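The block underneath contains the structure these notes are about, expressed in structure tokens.
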Amino acid sequence: MKLEKEKLLDMYEKMVRIRKFEMKVEELHIQGILPGLKHLYIGEEAVAVGVISALREDDYIASTHRGHGHCIAKGSDIKKMMAELYGKKTGYCKGKGGSMHISDIDIGILGANGIVGANIPIASGAALSIKLRGTDEVAVSFFGDGAANEGIFHEGINLASAWKLPVMFVCENNQYAISTHQSRVTAISNMGDRASSYGIPKFIVDGMDVLAVHQAASKAVRWAREGKGPTLIECKTYRFKGHYVGEGSRELSYRPEEELEEWKKRCPIEKLKSELIEKNILTCSLAKKVSDKIDGEIEEAVKFAEESPYPDPQEALDDLFFEGALR
Amino acid sequence: MKLEKEKLLDMYEKMVRIRKFEMKVEELHIQGILPGLKHLYIGEEAVAVGVISALREDDYIASTHRGHGHCIAKGSDIKKMMAELYGKKTGYCKGKGGSMHISDIDIGILGANGIVGANIPIASGAALSIKLRGTDEVAVSFFGDGAANEGIFHEGINLASAWKLPVMFVCENNQYAISTHQSRVTAISNMGDRASSYGIPKFIVDGMDVLAVHQAASKAVRWAREGKGPTLIECKTYRFKGHYVGEGSRELSYRPEEELEEWKKRCPIEKLKSELIEKNILTCSLAKKVSDKIDGEIEEAVKFAEESPYPDPQEALDDLFFEGALR
Amino acid sequence: MRELTYAEAAVEAIQEEMEKDTTIFYMGEDVGRFGGTYGTTKGLWERFGEDRVRDTPLSEAAIIGYALGAAITGMRPIAEMMFADLLCLAMDQIVNQVAKMRYMSGGKIRVPLLIRVPLGGLRRAAAQHSQHLESWFVHTPGLRIIAPSSPYDVKGLLKTAIKENNPVISFEHIMLYQTKGEVPEESYVLPMGKAEVKREGRDVTVVTYSLMVHRCLSAAEKLSKEGIDVEVIDLRSLSPLDIETVVASVKKTNKVAIVHQASLTGGVGAEIGMRIVETAFDYLDSPVKRIGSLDVPVPFSPPLEDFVVPTEEKIAAEIKKIVRR
Amino acid sequence: MRELTYAEAAVEAIQEEMEKDTTIFYMGEDVGRFGGTYGTTKGLWERFGEDRVRDTPLSEAAIIGYALGAAITGMRPIAEMMFADLLCLAMDQIVNQVAKMRYMSGGKIRVPLLIRVPLGGLRRAAAQHSQHLESWFVHTPGLRIIAPSSPYDVKGLLKTAIKENNPVISFEHIMLYQTKGEVPEESYVLPMGKAEVKREGRDVTVVTYSLMVHRCLSAAEKLSKEGIDVEVIDLRSLSPLDIETVVASVKKTNKVAIVHQASLTGGVGAEIGMRIVETAFDYLDSPVKRIGSLDVPVPFSPPLEDFVVPTEEKIAAEIKKIVRR
Ligand SMILES: Cc1ncc(C[n+]2csc(CCOP(=O)(O)OP(=O)(O)O)c2C)c(N)n1
Ligand SMILES: Cc1ncc(C[n+]2csc(CCOP(=O)(O)OP(=O)(O)O)c2C)c(N)n1
Ligand SMILES: [Mg+2]
Ligand SMILES: [Mg+2]
């Protein structure tokens, strides 16, 4: 499969945007500016971008606690994202959601989710909706290796396969659920192998290689659009940061520094960058331009968030029920 | 594997006891004598007896809504069972449990269960207890094809395999969950194949053949006692009656009469009987003796239940908490 | 007027709405050709086919999660839990997802989703098939809760629930499904959050819902022969709660009992009672009385279960005590 | 006396008991070498090894079910849910299995099982990480519920909970874990079901538990400067509920407010309030006042969350209203 130059550059840019956004989030959190919990996507950019670049704009995704990357890849406005992280009224959820609940239904983002695995049936339900409406979008559920041990993983995928729904299950296997290595809590090495329990195709790919991810995802998308049902894509990846911002030195209690260093050498952005440079699609100066442009965007996002007002306390009472007419 | 004559006759007798007990239960229910819900084990006797005859007395089992057969195979007193079904004070649970909650912790019966799949982690927890105590019992969880689509199936088996616990997961695949054929709600044919999701051995056996079940179970028991961990045994079977007593003609709305008739020809008791007769282990007159003996036992059980008092209404308030000393 | 059973009236509501709106579909265990274990969907599969009346595997969490995913992407699902005790298997999807989805999105997402839940003891079904768990959901912001007691009400309230653009849970007592009542041929709806005075009376107010409405009405009849005039209010909805109707009655009678089948401690009766105390304290001649099931799991044996669940006799006796205080 | 944090005191309780009794073991997510996300098990893995301090996969239902299976076969497990919202994923095992197992067996089975549950808002953790769900469990017969507010209490109550031969849920507010307080070196236990009068007062009784104890005490201090003398009662246990201590206080002050962080409608405050009304109606000078979080999911943004959860100022203002009524 050959991707057009623009597409490749767009993928590169998105990965850089995710990375820089997350670095800014980390910085602002450590400075005590951002409240709440944040789980950074740094190191895993190739998964979100690889998968989502295989989607159409009208396709759906359902995201996780580690969700900023998915949103950015799907096209979220980072100004509204940053404002949400600040708890400002101009954020995606008017400050009601925060990092773990960003959603943008207009561009098919069904929401990040603070409950691990919970998005699996939600994305599948969107796929059911697609099937019932007779349209040809697809839905994607992202989740981690930890989520793959939750009961809802099983229920959700089984039903999707029984009903042949157009949904892709993307397991972002970064090997750890907080401090717990997957090998300590499951007896198999590839979560992708669980596809056989549901009679669906599996793809097990290098999650640090955005092109490999993109290729697998493209096949899965085609499979779904053709009405053949769900697929399970396992992307082997790694988070370069602690489980959440502020975990600090506790991280080293559960994963060896050498392991981290090894994986960092496989940085997905560096990898794509050198491939693109090799293919003469990217140059160092273009890369610099991209970097500068995104720095600017992020600065703007922070400024937007900073200058936005907090919601009025009374607004806490709004938005619980839809108050308009019945159907 | 060669089984001793006594063992084979004991297995035969147990199957007959289950069958006759269940037929009596059906009769009493239809007469309006027994209150509540009952799910009969008729047709599936080879599974309970095949598995449990591979166990020791000190091993544990956790049973289901369709649990009478497991209890009888494990050695329950049918007098106390019948009294419980009547709601009498002399029943296993003093009338508090009824058909779906019979337990007898003294002989390792951790309880029938009204929630499908819920016994899976409970049996596994007993296996964890065995491992922590350093003894060599095993635990068995029985459940249906329907249960195999519940999230708890996944969580329960995954953890048992990660921890290599001495537990056997026995899927009694009678193909239906109430009215729903498994092929309509799952894309694979053998629930046993799900063992691969957890890296554990599987056995897929003819659940109408008690010797085949026994053989698989014996291997699984050995595997467990040797500390090698859990196994998944799928027994293909069929219930000869409706989902619950009183389902009546609704049954035929979901399964064809011919299918039922085909399976009835494979009656597990008839099968064992003719095999034993062929091997000169059983004679027609001995079979008659067994039958008469069990008729007598059952008559006695009914008499015991009939003559037993109901609990005093006030006793509803007892047994909620253990009121004795702290540890 | 024609009579329908509660089950028939419920099905009719759904059928009428499904005919008008093809985005409505139904999913649950054995709801298809089997028509629902308790007849909750009888005839729907024949009429609408298996695309719109979908049998699911035993996967309660997935049932709700799927319905939610469909609800926020253009469909109007009706999801059924076979009985209330199974809600325990779907609590994350109901409480953490369905109830909060709109709010967490800052009001951008709509969740038009109806969850139907047969429930109730007195069927000798024992501890895991008899629970009344409504108070958990009353304690969960973001849900609407109905608990209709008659064929007329269940039809009218389900129609509204289906038209709602918010999540609704309908608790339907299994012992009511075969009861009959008048249901007009003409289409109608009933508003959620509006209680009904089922019987007027001067001496004491009894607030109740679901099956207990009938026990309270019988108790009231019995007491009327002893010269006690009982007003019986059927709440019909638990969220929102029509506290105005209750308080108006209490201001008239100055005495009140609340009756439900859920176990007493922590039941909805506590909430209703406190709302009365908060709003009508100075009108109360005696403490608000709560009558609920005893605080034990529901036992199997008939004499035990009958002791645990409020009976007509017990309700009558307690009301008498209040009036004679 | 030496000071410990709440987290340290809790760990000490567990450690002391685990040393004495090898049938006690601990299981949960990241409770091993990591020591618990909130430090709930810090040091236990080092001391007892990974057999007795077990990291589980993300499988909340299995965690509880396994603990139950072990509890009824000779072990005394302690199972942890990482935070209360995750209880939603284990409700079947907790409510249908753990709570009912003994009763359904006719009293033959014992369930010595402790479930530890960190919880609580005010951490800007938003709707799915901030819920106070204790009232669901108070409504579930068969469970004991504790909610200690200080290092001293958490140690004493956890010790008792571990010795109990019944299931206990311990709700521990995450914002308390790093708070310090005096804890004697000598071993001690505290009985479950015994409230503590944290501050004596004549004018009004405030009944509360968990983190809100501290906000109520601050409010009481503030009000004392305005001449209002507040009695503050820390319930410590929610099941059983020490209604005697509460009623004795109400009989003295004739006025009462109940404060909790759970959302108001259907919260434990309703139950407590009704018990007061039922037992001490004639002593009440004014309606029982409930103060809880507003009935919405917990919002993320700090000014929103601070508006939703009862603040010291709000508590003080409400108490003043009662006293001045
Ligand atoms: C159901 C559930 N269990 C536990 C948690 C607490 N928790 C949040 S993230 C996390 C680890 C998730 O691991 P994984 O699914 O591998 O995703 P990752 O964080 O590695 O991206 C845990 C245990 C939760 N939020 N939801
Ligand atoms: C979790 C749960 N879901 C649904 C039910 C209602 N129910 C009782 S038995 C049953 C069918 C179970 O099917 P299976 O596991 O195959 O066992 P079988 O009845 O065939 O022996 C159902 C749906 C239940 N009791 N528990
Ligand atoms: Mg992970
Ligand atoms: Mg079956």
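Quantities reported herein were computed from a predicted structural model and do not represent experimental measurements.
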For the interface with chain C, which of A/L110, A/I152, A/N158, A/I115 has the highest count of heavy-atom pairs at distances below 4.5 Å?
A/I115
Between C/E164 and A/F321, is any pair of side-chain heavy atoms under 4.5 Å apart?
no
Out of A/G97, A/A160, A/P311, which one racks up the most heavy-atom pairs below 4.5 Å with chain C?
A/A160
Residue part contacting chain C, namely of A/S103, when any heavy atom lies under 4.5 Å:
side chain
Residue set satisfying salt bridge (charged side-chain N to carboxylate O under 4.0 Å, His left out) with A/D59, at least two apart, ordered chain then number -> A/R225
Judged by modelled atom types alone, do A/N113 and C/Q97 share a side-chain donor-acceptor pair under 3.5 Å?
yes
Tell me whether the guanidinium CZ or amine NZ of C/R102 lies under 6.0 angstrom from the six-membered ring centre of A/F322 and within 45° of its axis.
no
Heavy-atom cut-off 4.5 Å, strictly under: side chain, backbone, both or neither for A/L159 against chain C?
both
If one checks every heavy atom of A/L165 against chain C at 4.5 Å, the contacting part turns out to be side chain
Write out all pairs satisfying side-chain hydrogen bond (donor to acceptor under 3.5 Å, both in side chains) with one or both partners inside residues 308-317 of chain A, taking only residues at least two apart or from two chains.
A/K89-A/E315, A/T90-A/S308
Structural part of C/R110 lying under 4.5 Å from a heavy atom of chain A:
side chain
Chain A contact via C/I63 - side chain, backbone, both or neither, heavy atoms under 4.5 Å
neither
Under a 4.0 Å threshold between the charged nitrogen and the carboxylate oxygen, would C/K108 count as salt-bridged to A/D319?
no
Members of residues 131-149 of chain A whose heavy atoms come closer than 4.5 Å to chain C
A/L132, A/R133
Do C/E17 and A/R327 sit within salt-bridge range, that is, some charged N less than 4.0 Å from a carboxylate O?
yes
Is it the side chain or the backbone of A/A118 that comes within 4.5 Å of chain C heavy atoms, both, or neither?
both
So the side-chain hydrogen bond (donor to acceptor under 3.5 Å, both in side chains) pairs with at least one residue in residues 50-61 of chain C (sequence neighbours excluded) are B/R184-C/D55
Give a yes or no answer on whether the side chain of A/K96 reaches the backbone of C/Y103 with a donor-acceptor pair at less than 3.5 Å.
no
Which atoms of A/L320 approach chain C - backbone, side chain, both or neither, heavy atom under 4.5 Å:
both
Contacting region of A/A112 [heavy-atom separation from chain C under 4.5 Å]:
neither
